[in-house]
Amino acid sequence: MAEVVTGAKNCIGVGCPKDAGALQCPTCLKLGKESSFCSQDCFKRSWSEHKSVHKSGSIALHNPFPTFPYTGPLRPIYPLSDRRTVPESIPHPNYAKTEGGNPNYKFAARNSITCLDKKQQAGMRKVCRMAREVLDVAARELKPGVTTDYIDEVVHKECIKRDSYPSPLNYSGFPKSVCTSVNEVICHGIPDQRMIREGDIINLDVTLYHGGFHGDLNETYYIGEKALKDRESVRVVETARECLEEAIKLVKPGMAFKDPGTVIEKHAKSKGCGVIRTYCGHGINSLFHCAPNIPHYDKNKAVGIAKPGMTFTIEPMISLGSFRDKTWPDDWTSVTLDGSRTAQFEHTLLVTEDGVEVLTARLADSPGGPVEMPPELKADGDGAANGASDKVVS
């Protein structure tokens with residue numbers, strides 16, 4: 001197993017908060033996987049869930065970029081599973097079958113802001129509701145010992161069940177149906193053979209294409225009691241959650257697209273956190289990404305105002321340390337430059353005549369949700385400082 005882990009190892013038993021002992025799964029040993037348990041009883045209790053990690057077969061697991069200077073402890077674990085297929089009977093977006101997944105959007109479409117009519121708004125409501133359902137199903141599968149590739153399989157199957165195409169699949173060449181971003185990964189994490197560990201935080205970013213429209217949302221989740229008891233993990237996750245909530249309060253006709261960034265950065269700084277600047281919220285409708293761009297930091301240069309019928313996302317990415325990022329050699333996985341943990345939340349929003357409708361709102365039984373924020377810590381000045389790039393990528 002190529003991942004570098006320092007210090008005591010966590011038991012990967014389902015819901016087990018203990019440190020691992022010397023006991024390892026014999027099947028995993030044959031496959032070259034690392035899988036340590038605290039006891040034989042814990043191994044037996046976890047078997048029905050744990051055996052799913054054996055699906056990758058007998059190919060040795062490895063780090064595909066062994067000489068890359070990683071910023072934190074996380075490592076990719078390959079091989080990636082084969083690309084999952086979508087039945088031809090399900091309508092595909094225009095990039096689904098193109099070489100490299102080039103969306104090939106026309107310039108005008110990328111730079112003009114569409115106001116949807118009532119029928120189109122109904123289409124957005126439907127796909128966003130289904131995207132919420134898929135995210136919730138996947139989130140319920142999050143537990144120590146399952147791989148992020150397994151979560152991708154769950155998301156893919158749930159999309160198919162809803163006659164929907166998983167929008168990330170082949171978008172600009174992305175190889176999977178969901179983004180799974182763990183710990184120091186800001187966004188665009190590629191599902192692979194890494195097993196989720198007790199104490200991780202993980203973001204699931206789900207987008208569906210159905211009826212000619214895309215619905216996009218994401219949430220960050222705690223893995224086990226160890227994560228819930230980790231003060232810093234709770235601080236960054238709950239700050240990100242609150243940043244999105246504060247930004248949504250602004251949304252109504254006439255809101256300047258630059259305004260959410262001011263509110264987000266102010267709130268993040270008050271919690272001693274940084275705001276990632278490289279990525280931003282975006283317009284979404286029949287196109288996965290389009291105008292407007294919604295930056296998440298103060299003093300940004302976004303132009304334009306919100307009007308009834310517009311649909312877009314706000315999706316702040318908040319770090320415990322630096323706002324600067326670095327991309328792995330897979331050209332997708334974006335991590336914090338200092339290896340600090342990061343969290344993100346996203347909703348697709350519809351501007352109404354007098355306010356906003358959260359199209360991807362949580363349901364009464366949605367897993368996850370807010371936990372009590374630890375006492376505020378004094379900002380150390382590392383987050384959201386001057387000198388960041390103004391580059392934005394939708």
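Given the structure is predicted, the values throughout are model-derived calculations rather than measurements.
- Partner of Pro292 under the side chain to side chain contact (heavy atoms under 4.5 Å, CB included) criterion, chosen from Ile305, Ile113, Val303: Ile113.
- Surrounding CG of Asp117 are more than 12 heavy atoms belonging to other residues, nucleotides or ligands, all under 6.0 Å away.
- A heavy-atom distance below 4.5 Å is found between the side chains of Glu265 and Arg277.
- In terms of the salt bridge (charged side-chain N to carboxylate O under 4.0 Å, His left out) criterion, residue partners of Arg125 (sequence neighbours excluded) are, by chain and number, Glu357.
- A search for salt bridge (charged side-chain N to carboxylate O under 4.0 Å, His left out) contacts involving Arg132 returns Asp136, Glu219, not counting sequence neighbours.
- Checking Glu141 against Tyr150 by side-chain atom types alone, a donor-acceptor pair falls below 3.5 Å.
- No option in Leu244, Asn218, Ile314, Asp216 other than Leu244 meets the side chain to side chain contact (heavy atoms under 4.5 Å, CB included) test with His347.
- Classified by interplanar angle (parallel below 30°, tilted 30° to 60°, perpendicular above 60°), the ring pair His214/Phe288 is parallel.
- Between Tyr165 and His92, the two ring planes are tilted [angle within 30° to 60°].
- Between Phe174 and His188, the ring center distance fails the sub-6.0 Å criterion.
- In this structure, the salt bridge (charged side-chain N to carboxylate O under 4.0 Å, His left out) partners of Asp152, at least two apart in sequence or on a different chain, are Arg84.
- For the residue pair Glu242 / His267, a side-chain donor-acceptor distance below 3.5 Å is found, with atom types taken as modelled.
- Note that the NZ atom of Lys326 and the OG1 atom of Thr333 stand 13.0 Å from one another [nearest 0.5 Å].
- Within 6.0 Å of NZ in Lys258 there are 12 or fewer heavy atoms belonging to other residues, nucleotides or ligands.
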